[in-house]
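Okay, so here's the structure we're looking at.
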Amino acid sequence: MLKALGARAVLCSNSSSSTSVVRKMSSAPASRKFVSVEGSDIHSRSKPDGFRFSLVSYNILAQVYVKSSSFPHSPSSSLKWKPRSNTILEVLKDLGADFFCLQEVDEFESFYKGNMQNLGYSSIYMKRSGQKRDGCGLFYKHDCAELLLEEKIEYNDLVKSIPDGNSSNDDDHTNIQTVHADKQKDVEPKNGSKSNTEDRGDPNDPRVRLKRDCVGIMAAFKFKDPSRHIVIVANTHLYWDPEWADVKLAQAKYLLFRLAKFKTLVSDRYECIPEVIVAGDFNSQPGDTVYQYLVSGNPSSNLMLNCLDESPPIPLCSVYASTRGEPPFTNYTPGFTGTLDYILFSPSDHIKPISFLELPDSDAADIVGGLPNFSYPSDHLPIGAEFEIIKEVDE
């Protein structure tokens, strides 16, 4: 997720222009803009009943995880809450997206809720379970979209899928055990900031294994433009550990299972076919099992739980992969550099990504050395997209 400041995307506009205004600042945050999809003719594609909206996904790095020992490469003063929080707010303000899917939000009531409300955003928040202090926040411009329905996702509910009375050594549970290291392609721990202090219990107990306190949010919105089009936005943060890819894959399957049920609910209640966008930190790199499942719906059978119905999940594709290709990284530290964050959408005749938020090159002066720093207040970068929705023409 690219920690940048950047362009205000065209907000719920019927205009045919795709301009992004980059605000030059004398303060530290870097500035980024939305870049038109290569080869797209935005002017000719626009129709009188079409409109645009923007969405940004950003793991903002919970302050509870910010320690000098975890980020020794970062200037110590850049890790303090006051400058970090102000920089994060400036990043969000400058990006000006219609929707923000934020992960690792741990000062929601005391900081983000009120400050984002002052910027014109309403919000939905889901705190992680147990003793975890952070969670997922979904912020939306209330003059752009009306909230219709919301559901929270608690991945600990997967524990209920384990039959009572079965021991952790039963063959029925072999599909939720750790895959061999040579099949792993997932992310390395975040500088040990979360991994070294986490007491995860017995990894051979499937109930313990699935109880990772991860969460997500799904919400249906009706746009306040003349089309009154309905879109579902989901925001999530999957488990981090590369050696527990089976758990992440179970979470991904549960996410798409819940998302399909939620889409059916919205479709039936509002007599529509809503568009679907899923964003977040999936702690998984392109090409690994979780990513492949999300974009194909076909997981490796030995990694899945036999707890959910096997109906086909909602088809999804990545905005960046379908336009410019997945970026080389959305997380940048000396210990790990790679792509973990994605914006996925369900392709249809009525929604198209028309621009994406640019990301810095690895040799950029304000990136070299690793994140976070004064220009980028998280170890992740914000990623973003602008979509165009065309209202279905009445017969």
Side-chain angles (χ1 to χ4, degrees), residues 1-4 32 35 37-38 55-59 101 103 178-190 214 216 234-256 259 276-304 313-347 353 355-363 367 370-371 378-385 387:
M1 316 214 194
L2 171 149
K3 189 167 295 202
R32 297 290 159 196
V35 178
V37 173
E38 184 178 0
L55 181 146
V56 166
S57 181
Y58 191 12
N59 181 327
C101 294
Q103 304 87 43
T178 308
V179 295
H180 296 299
D182 60 355
K183 295 183 179 179
Q184 296 285 335
K185 295 182 181 179
D186 291 319
V187 58
E188 297 296 327
K190 179 180 285 190
C214 300
N235 176 25
T236 195
H237 189 183
L238 301 189
Y239 191 53
W240 65 268
D241 195 334
E243 295 186 356
W244 293 43
D246 54 319
V247 172
K248 285 188 276 192
L249 197 53
Q251 292 176 342
K253 185 175 184 182
Y254 187 58
L255 168 65
L256 297 198
L259 191 61
V276 177
I277 299 174
V278 184
D281 177 355
F282 295 90
N283 270 318
S284 305
Q285 298 187 77
D288 72 13
T289 53
V290 173
Y291 180 90
Q292 290 301 322
Y293 172 65
L294 290 168
V295 298
S296 71
N298 295 316
S300 301
S301 59
N302 66 325
L303 292 178
M304 296 310 300
I314 296 173
L316 297 171
C317 67
S318 164
V319 167
Y320 281 82
S322 64
T323 55
R324 53 146 279 173
E326 296 293 6
F329 59 89
T330 62
N331 180 274
Y332 195 82
T333 67
F336 173 79
T337 297
T339 298
L340 308 177
D341 309 279
Y342 307 96
I343 298 173
L344 310 169
F345 71 104
S346 185
S355 69
F356 54 84
L357 187 63
E358 68 174 356
L359 282 76
D361 296 327
S362 59
D363 59 356
I367 287 289
L371 307 180
S378 172
D379 55 340
H380 287 249
L381 303 169
I383 57 174
F387 294 91

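Remember, predicted model here, so these are calculated numbers, not experimental data.
No side-chain heavy atom of Pro334 sits less than 4.5 Å from a side-chain heavy atom of Phe336. Taking 4.5 Å as the limit, some side-chain heavy atom of Leu249 sits within range of a side-chain heavy atom of Tyr293. Two residues are said to be in side-chain contact when any heavy atoms from C-beta on lie closer than 4.5 Å; Val278 and Ile314 fail this criterion. Looking at His380 and Asn331, their side chains come closer than 4.5 Å, going by heavy atoms from C-beta outward. Tyr58 has its side chain out of reach of Cys101: every pair of non-hydrogen atoms, C-beta onward, lies at least 4.5 Å apart. You'll find the side chain of Arg324 stays beyond 4.5 Å of the side chain of Val37, heavy atoms only.
For the atom pair Leu294 CG and Ser284 OG, the distance stands at 7.5 Å (nearest 0.5 Å). Going from atom CD of Gln285 over to atom CZ of Phe329 covers 13.0 Å, rounded to the nearest 0.5 Å. To the nearest 0.5 angstrom, Leu259 atom CG is 11.0 Å from Ile277 atom CD1.
A centroid separation of 6.0 Å or more is found between the aromatic rings of Tyr291 and Phe282.
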Leu344 and Ser318: side-chain contact (heavy atoms from CB on, under 4.5 Å), yes or no, with the steps?
CA-CA 4 Å; Leu344 310 169; Ser318 164; 3.8 Å; yes
Given side-chain contact (heavy atoms from CB on, under 4.5 Å), test Leu359 with Ile383 step by step and report yes or no.
CA-CA 8 Å; Leu359 282 76; Ile383 57 174; 4.2 Å; yes
Check the pair Phe387, Val319 against side-chain contact (heavy atoms from CB on, under 4.5 Å), reporting the backbone distance first and the verdict last.
CA-CA 10 Å; Phe387 294 91; Val319 167; 3.6 Å; yes
In sequence, state the C-alpha distance, the side-chain angles, and the governing distance for Asp361 and Ile367, and then conclude on side-chain contact (heavy atoms from CB on, under 4.5 Å).
CA-CA 8 Å; Asp361 296 327; Ile367 287 289; over 6 Å; no
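Considering every non-hydrogen atom in both Ala245 and Thr289, the closest pair reads CB-OG1, 4.4 Å. Nearest heavy atom pair, residue Phe345 against residue Ser322, reads CE2-OG, 3.9 Å. In plain terms, the two heavy atoms of Pro353 and Thr323 that are nearest each other are CG-CG2, 4.1 Å. Among all heavy-atom pairs drawn from Asn59 and Gln103, the shortest one is N-OE1, 3.2 Å. A pairwise comparison of heavy atoms in Ile343 and Ala279 identifies CG1-CB, 4.1 Å as the closest pair.
Checked by atom type and distance alone, the side chain of Tyr320 pairs as donor or acceptor with a backbone atom of Leu357 at under 3.5 Å. The backbone N or O of Asp341 sits less than 3.5 Å from a side-chain atom of Thr330, completing a donor-acceptor pair. Looking at Ser346, its side chain does come within 3.5 Å of a backbone N or O of Pro315 through a donor-acceptor pair. Judged purely by atom type and a 3.5 angstrom limit, Asn283 uses its side chain to pair as donor or acceptor with the backbone of Leu238. With hydrogens and angles disregarded, no donor-acceptor distance shorter than 3.5 Å links the side chain of Glu326 to the backbone of Pro286.
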